[in-house]
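Written below as structure tokens is the structure these notes are about.
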Number of protein chains: 2
Amino acid sequence: MHKPVPSNSLKAACSTCNLRKLCLPVNLSNIEMARLDALITRKGVYRHGSILYRSGDKFQALYAIRTGFFKTQILNEDGREQVTGFQMAGEIIGMDGISNDVHTCDAVALEDSEVCEIPFSRLEDLGRELPPLQRHLHRILSREIVRDQNIMLLLGSMRAEERLAAFLINLSQRFAVRGYSPTSFQLRMTRQEIGSYLGLKLETVSRALSQLQESKLITVRNRSLEILCLSGLQACMGKRTR
Amino acid sequence: MHKPVPSNSLKAACSTCNLRKLCLPVNLSNIEMARLDALITRKGVYRHGSILYRSGDKFQALYAIRTGFFKTQILNEDGREQVTGFQMAGEIIGMDGISNDVHTCDAVALEDSEVCEIPFSRLEDLGRELPPLQRHLHRILSREIVRDQNIMLLLGSMRAEERLAAFLINLSQRFAVRGYSPTSFQLRMTRQEIGSYLGLKLETVSRALSQLQESKLITVRNRSLEILCLSGLQACMGKRTR
DNA sequence: CGCTTTATTGATCCTCATCAAGGCGGGTGG
DNA sequence: CCACCCGCCTTGATGAGGATCAATAAAGCG
């Protein structure tokens, strides 16, 4: 679709943004932090629809999202896709590639986004010198495992409306951490993509959103979403048939 | 339920078993391997039904399964469980705990099992000295991420019979790697547990198994399972409604 | 040997997928 | 600037797959 726009500055890209706080809340001295910064380069801007990496690409680096929004998806043999996650500024993607040095999913920009590249073998090298950095990498990897297992819980045991509620609460919390409104935000993805992520069809997503609106828990119009009653959403997420 | 039986020998437990080959196919010298072995202690025998760790327990170590079979499960607030995985000899569990130093799931023995304990901070220490070990740890963590994402694909887009087929194929491959028959084995878990793992009810699991048997792809009687036609199972797994 | 747990199978119901039609909106070209 | 088009979304009607409820059988265990 679009080509990434190369960045002019290729070094020390991340020390001035909120990236460090979000991705790397590590106790490091200034000198140590500078060494970490030296690893990280701006990879450039990815326009809406462009691809950061594809399944099958050789794995060489993790990517930190500086600004913007991505989705990751697996394509199965029959050509259908499963969205495995939505990633926003301050999150790290590409960890699937470590296991076999090959990426196992696609990462696609859902809006114009800036990305920093962290060469993985150099990160490992530095991790050996800086224990807090090493520890932090392990936490990030583990956090991804926990996240995925919670989605398994969602997919395995929740009904459509509960899944939507859980999804919106999760988005809300992540926006809040980044200083954005937790109650009013834009959805960056289509109903189809939400559906793929939640194991539902787009019509079901649309209906569930309408129903949450009917219940006065949210208002939704196209991609604009407002949460009217967070506790109501949480209750909705928790409710089971029995 | 049952208490773990303490082991007499608490050191150098793993150098003589097939654990190293399966968990730790790392290029290390004998001396280096000895240092790794020195970390690892036999934690003992866990009887069928006993708990290796529970959600909320402080995280301190990874566990390598020497022999036996475990399940891991998340308990959600309403008390219902989602099985997140089945682990067999040579696999590592406990990685969910790294992110916040607290385990987020329960690990329960599905048969009498022997477990080795790998204190995590000491493993990190040693990883800093032995790059191949560090790299291997990262691969293990990443492999868990990839595994979980494939389950998301299964839960999000497959129908009951396909899920069962995928599950059986996966078990078959893992038994094969361990030198057991890939076509004839015992299921170590109940229909209920399979169902929880696959996002289905136990009756649906039972029916799907009966149907696979009807199609001459497997024979199943209680926990004994035989795969009659692997390629047929694979075809079954791949088929979609459209 | 009797009790409890686990598994199978049938009948019915409900949720969500599917199919279909129409509306809204944003972008493009005349 | 407007008309048109295409992608995205909503809503309705219908049907299928799996959940639920129920009864029975079989197996494991004390």
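Each chain gets a letter, A, B and so on, in the order the sequences are listed, and its residues count up from 1.
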Would you classify A:Arg221 as touching base, sugar-phosphate or nothing, given that sugar-phosphate means primed atoms plus P, OP1 and OP2, and contacts are heavy atoms under 4.0 Å?
sugar-phosphate

Separation of B:Leu225 atom CG from C:dA7 atom C1', in whole Å?
14 Å

When rounded to the nearest 0.5 angstrom, what distance separates CE in A:Met88 from CD in A:Glu111?
9.5 Å

Can you check the A:Leu200 CG to D:dG17 P distance for me, whole Å?
18 Å

Give the nucleotide from the list C:dT8, D:dC8, D:dG18 with an atom nearest to the side chain of A:Thr190.
D:dC8

Using 0.5 Å steps for rounding, measure from the CG atom of A:Leu209 to the CZ atom of A:Arg191.
5.5 Å

Under the criterion salt bridge (charged side-chain N to carboxylate O under 4.0 Å, His left out), which of A:Arg143, A:Arg66, A:Arg178 is the partner of A:Glu91?
A:Arg178

Whole-Å distance between D:dC8 P and A:Asn222 CG?
12 Å

Would you mind classifying the nucleic acid contact of A:Arg223 as base, sugar-phosphate or nothing, using non-hydrogen atoms under 4.0 angstrom?
sugar-phosphate

Whole-Å distance separating the CD atom of A:Glu193 from the P atom of D:dC9
9 Å

Whole angstrom is fine here: how far is it from NZ in B:Lys201 over to C1' in C:dT12?
17 Å

How long is the span from the CD1 atom in A:Ile151 to the CD atom in B:Gln82, to the nearest 0.5 Å?
12.0 Å

Count the heavy atoms of every other residue, nucleotide or ligand shown that sit under 6.0 Å from CZ of B:Phe175, and state whether that count exceeds 12.
yes

Rounded to whole angstrom units, what separation is found between the CD atom of A:Gln192 and the C1' atom of C:dA17?
13 Å

Starting at CG of A:Asp96, measure out to OG of A:Ser55 and round the result to the nearest 0.5 Å.
8.0 Å

Between OG1 of B:Thr72 and CE of B:Met95, what distance do you get to the nearest 0.5 Å?
9.0 Å

Any residue in residues 181-189 of chain B with a heavy atom nearer than 4.0 angstrom to DNA chain C? Just list them by number, or reply none.
none

What does A:Leu209 touch in the nucleic acid at a heavy-atom separation under 4.0 angstrom: a base, only the sugar-phosphate, or nothing?
nothing

Are the side chains of B:Asp106 and B:Tyr53 in touch, meaning some heavy atoms are under 4.5 Å apart?
no

Touch check for B:Gly195, heavy atoms < 4.0 angstrom, all strands: base, sugar-phosphate only, or nothing?
nothing

Quick one: is D:dT10 close enough that its OP1 or OP2 comes under 4.0 Å of any side-chain N or O from A:Ser206?
yes

Between B:Phe86 and B:Tyr197, is the gap from one ring center to the other below 6.0 Å?
yes

Global bending angle along the helix from C:dC1-D:dG30 to C:dG30-D:dC1, which compares the axes of five pairs at either end, to 10 degrees
40°

Between the base of D:dG12 and the side chain of A:Arg207, is there a donor-acceptor distance below 3.5 Å?
yes

Are any side-chain N or O atoms of A:Gln149 and backbone N or O atoms of A:Val146, one a donor and one an acceptor, separated by less than 3.5 Å?
no

base_contact_polar (C:dC19 base, A:Glu203 side chain, donor-acceptor, <3.5 Å)
yes

Nucleotide D:dG18, atom C1' - distance to CZ of B:Arg191 in whole Å
18 Å

B:Leu164 CG - C:dA7 P separation (whole Å)
13 Å

